[in-house]
Amino acid sequence: MNLPTSNLVAEALGTLQLSTDSTFQVAFSGGMDSTVLLHAAVAVHGSDNCRAVHVDHSLHPDSAKWADRCRSIAGSWGVPIQVERVTVASGNTEHQARLARYDVFKTCLHTGDVMATAHHADDFVETLLWQLMTGRAPIGIPERRKLGAGSIVRPLLSLSRATLRQYVDQHDLQWIEDPSNQDVSNDRNWIRHQLLPELLSRFPDVRNHLAESMVPSLAEVEAGPLPLTSGSLDEQSVRAWLIACGENPPGTRIAEIIRQSTARIDSSPEVRVSSRASVRRYRDHLYVVRDSKPFEPIAVHPGATVELANGHLTWTQESRGWESSKPLHLTNRMHEEPSKLFIRSNKQTKSLTSLFQSKGIPPWLRDGWPLLMESDRIVCVPDVVIADDAGVTGQYSSVFVPIWNPTDN
């Protein structure tokens, strides 16, 4: 006997067990798929155990209205919602929007938390076709992968788009229709609206065959630097690591990463893996390095958080530091003359290069690392060193020391 659609969706969500202190977070765009996911999550886990996260990509004139609509829907179901507006970087819009969206998700996840997305069986097939046609590993969409302190989960992958449509009809749900979903200049939309219908007309079961196809089983690994302690890598381990980092390059790139991982210890191998990222080696680790530009110099007030192009500057209170009333000049190596790139510490004049090396800071982070200056001299390299005679101590109760938080690489 076939289960009613509501039961099928509820059964899919019921397989995800929540820990007692975690919430079921839903990536809620307001579209049909995520509306089904949030509605079913409330039915299965209860509104008190659910939370919606909406990312406004600012790509459509009505995006702010869509965000308001999502607030209204979540509120009507008693679900708290967090709305974050982001700026999508230039380049492949679809890819950059996804990266921006997942950066938000990462900040929402605490240890043990899950963020559920509404990817379904049709999405899996479309993604698999796209991967095959662009030379990437045909892995489809992983059911689960680590993200920050938690995980991304896709509980609806076994269900078709038609099943989700039946669900919204049964429950009379309303959703937002993004017109960009019809834009066939987007690769995945072209696959959905043009390629798949052609394939289905010739091979009626192709969707089922692809959905049931065997794809490599990849380990769930951390997205941080990949250690080279074993001295060797295989394609599966590198692929799993890159997927965790949000990258899925062609197999030739994987082979090149493995080849270059054994380069001389004093070399700096670099392999391009996407339009905005490379894999680089530093000492005994591999890193996925996102393209970024050093920030433009600005004046800053100690104690005030500063958002920059390649990270953000925060502050902590210490016994020696700077008063909030005294602005400092914030710059980086790209905007200063080489003769100024020294600092007096422990009664010795030291170059920034030697300080960065001693702290194990990778070369690609150094040019954009913030430098605090008074007049024409560097007085602080955040998280690295403070000049001997810089800042104030003693009688001042509120003095601040900077902490640098670079964009994840």
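In summary, the side chains of T314 and N405 do present a donor paired with an acceptor at a separation below 3.5 Å, with no hydrogens or angles considered. H120 and D33 form a side-chain donor-acceptor contact under 3.5 Å, judged by distance and modelled atom types alone. A side-chain donor-acceptor contact under 3.5 Å links D234 and S237. A donor atom on one side chain and an acceptor atom on the other are found under 3.5 Å apart for S63 and D56. Side-chain contact, S261 with R281: no donor N or O sits under 3.5 Å from an acceptor N or O.
Under the 4.0 Å criterion applied to side-chain N and carboxylate O atoms, D291 and R272 are assigned as salt-bridge partners. Using a cut-off of 4.0 Å between Lys/Arg side-chain N and Asp/Glu carboxylate O, D68 and R71 are scored as salt-bridged. Note on K326 versus E374: salt bridge recorded, some NZ/NE/NH1/NH2 to OD/OE distance being below 4.0 Å. Using a cut-off of 4.0 Å between Lys/Arg side-chain N and Asp/Glu carboxylate O, R192 and D123 are scored as salt-bridged. Using a 4.0 Å cut-off between charged nitrogen and carboxylate oxygen, R259 and E256 count as a salt-bridge pair. Taking 4.0 Å as the cut-off between side-chain N and carboxylate O, R239 and E247 do not count as a salt-bridged pair.
The main-chain N or O of P294 is never found under 3.5 Å from a side-chain atom of N310 such that the two would form a donor-acceptor pair.
For E337, the CD atom is loosely surrounded, since the number of other residues' heavy atoms within 6.0 Å does not exceed 12. Atom CG of D367 has more than 12 heavy atoms from other residues, nucleotides or ligands within 6.0 Å. More than 12 heavy atoms of other shown residues, nucleotides or ligands fall within 6.0 angstrom of atom CE in M133.
For the pair R98 and Y102, the cation sits on the ring face: its NZ or CZ lies under 6.0 Å from the ring centre, inside 45° of the axis.
Looking at heavy atoms from C-beta onward, L330 lies in side-chain contact with L308 at the 4.5 angstrom threshold. You'll find the side chain of R154 stays beyond 4.5 Å of the side chain of L156, heavy atoms only. A heavy-atom distance below 4.5 Å is found between the side chains of R333 and F356. Contact annotation: the side chain of L313 approaches that of P382 to within less than 4.5 Å [non-hydrogen atoms, C-beta and beyond].
For I139 against L128, the heavy-atom pair with the smallest separation is N-CD1, 4.1 Å. Smallest separation of non-hydrogen atoms from F124 and L210: CE2-O, 3.8 Å.
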List the steps, then state whether ring pair (Phe, Tyr, Trp, His ring centres under 6.0 Å) holds for F203 with H209.
CA-CA 10 Å; F203 307 102; H209 293 326; 9.3 Å; no
For a quick test of your reading: what N or O donor-acceptor pairs under 3.5 Å do the side chains of residues 142-152 make, sequence neighbours left out?
unit_1	atom_1	unit_2	atom_2	d
R145	NH1	A244	O	3.0
S151	OG	E220	OE2	3.4

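Using cut-offs of 30° and 60° for the angle between ring planes, the F28 and W77 rings count as tilted.
Each of I254, L226, I257 was checked for a side-chain contact (heavy atoms from CB on, under 4.5 Å) with V279, and the lone residue meeting it is I257.
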